[in-house]
*Asks:* 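Here's a structure for you.
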Protein chains: 2
Amino acid sequence: MVVSIELSDAEVDRLFHALADATRRDILRRSVAGDLSVSRLAADYPMSFAAVQKHVAVLEQVGLVTKIRNGRELLVRSDPDTLRRARLALDQLEEAWRGRVERMAAVLDDE
Amino acid sequence: MVVSIELSDAEVDRLFHALADATRRDILRRSVAGDLSVSRLAADYPMSFAAVQKHVAVLEQVGLVTKIRNGRELLVRSDPDTLRRARLALDQLEEAWRGRVERMAAVLDDE
DNA sequence: AATTGATACAACCATTTGGTTGTAGGTTAT
DNA sequence: ATAACCTACAACCAAATGGTTGTATCAATT
């Protein structure tokens, strides 16, 4: 059974904003492929460690990622459920479109 | 046949950014339901006409919307293709996840 | 215990964003 | 022609964003 999830405007705002940055999307992709520490991630971007840390924090605040302690490092782990919620928001927008197309088709059928 | 579309990082940045605002998403939904003039749209938001105009401009710049002259007003029309491109970007992120799940399942099968 | 490595966090800065008001340019209606 | 309406655009402002450096904390290694 699929539970219909209610997404608040504010949450969708933050979700899309988190996804609207190439570095953050790249961090997401890489942490999906396998858990990586923040410093390991940071090594591959042309910016300071602190900057990458901030990007991870943005992803973490919207739940796209969680951090797991492993010795003295923190592994960044992506959360597929949150990504699904982002998709749901897009789906709802697209659904409005499908509805319109159907209504137009119905009008045409009436003639 | 579905053509695999290449989305540049910059384009996805702008796409998600355009969607990361509740007012803009609402304008999208309303213009999907039926073409509306900018002033008609603006009348229903608690902000100035110029502010709404800017939101429409953001949607227009990323191609989520186009404007069509109708007498002295400009109708805002949504473009479903661009919305689909946004979804494609999300799908590609999700696909990375599916790939991981499959690899993990394969590892488990090997044991 | 001292050092090193990984992270957190504050302070700061430039740029962008989202809002405002005001002015100007077309289009329709009277 | 004039008035009324719709849109465009510039100038301005406060707040948020994305980056920096510096300092502090905490865990592991030696």
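Order of the sequence lines fixes the chain letters, A, B, ..., with proteins taken first and strands second; residue numbering starts at 1 for each chain. Basis for what follows: all heavy atoms, side chains included, without hydrogens, waters or symmetry-related copies.
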*Asks:* How long is the line joining CD of Q61(B) and C1' of dG18(C), in whole Å?
*Replies:*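 Taking CD of Q61(B) and C1' of dG18(C), I get 14 Å after rounding.
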
*Asks:* Under the salt bridge (charged side-chain N to carboxylate O under 4.0 Å, His left out) definition, can you give me all pairs with a residue in residues 73-82 of chain B, not counting sequence neighbours?
*Replies:*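 Found D35(B)-R77(B), D81(B)-R84(B).
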
*Asks:* Give the rounded distance in Å between these two atoms: CD1 of I68(B) and P of dC6(D).
*Replies:*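 In whole Å, dC6(D) P lies 18 Å from I68(B) CD1.
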
*Asks:* Pairs in or reaching into residues 6-34 of chain B: which pass ring pair (Phe, Tyr, Trp, His ring centres under 6.0 Å), with residues at least two apart or in two chains?
*Replies:*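 Passing the test, one end in residues 6-34 of chain B: F16(A)-F16(B).
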
*Asks:* Mind checking side chain to side chain contact (heavy atoms under 4.5 Å, CB included) for A42(B) and listing every partner two or more places apart, or none if nothing turns up?
*Replies:*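 With sequence neighbours excluded, A42(B) shows a side chain to side chain contact (heavy atoms under 4.5 Å, CB included) to F49(B), V52(B), given in chain and number order.
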
*Asks:* For DNA chain D, what residues of residues 30-41 of chain B have any heavy atom nearer than 4.0 Å?
*Replies:* S37(B), V38(B), S39(B)

*Asks:* Taking side chain to side chain donor-acceptor pair (under 3.5 Å) as the cut-off, I'd like each qualifying pair that reaches into residues 46-67 of chain A, sequence neighbours left out, listed once.
*Replies:*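 Matches after skipping sequence neighbours: R24(A)-H55(A), E60(A)-K67(A).
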
*Asks:* Just how far, in rounded Å, is P of dC9(C) from CD of Q53(A)?
*Replies:* 8 Å

*Asks:* Rounded to the nearest angstrom, tell me the gap between atom CD in E60(A) and atom P in dC9(C).
*Replies:*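 Atom CD in E60(A) sits about 10 Å away from atom P in dC9(C).
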
*Asks:* Can you list the residues that meet the side chain to side chain contact (heavy atoms under 4.5 Å, CB included) rule with A43(B), with sequence neighbours excluded?
*Replies:* none

*Asks:* Would you give the length of the straight line joining atom CG of D13(B) to atom OG1 of T23(A), rounded to the nearest 0.5 angstrom?
*Replies:* 8.5 Å

*Asks:* Is there any salt bridge (charged side-chain N to carboxylate O under 4.0 Å, His left out) pair reaching into residues 38-52 of chain B, and which pairs are they, with sequence neighbours excluded?
*Replies:*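 Of all non-adjacent pairs touching residues 38-52 of chain B, those that pass salt bridge (charged side-chain N to carboxylate O under 4.0 Å, His left out) are R30(B)-D44(B).
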
*Asks:* With sequence neighbours left out, write down each residue that passes salt bridge (charged side-chain N to carboxylate O under 4.0 Å, His left out) with E94(B), or none if nothing qualifies.
*Replies:* R87(A)

*Asks:* Could you run through nucleotides 18-30 of chain D and give me one letter per nucleotide, 5' to 3': B if any protein heavy atom sits under 4.0 Å from the base, S if only the sugar-phosphate is that close, - if neither?
*Replies:* SBBB-----SBS-

*Asks:* Over how many whole Å does the gap from K67(B) atom NZ to dC6(D) atom P extend?
*Replies:*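 The answer, rounded to whole Å, is 15 Å.
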
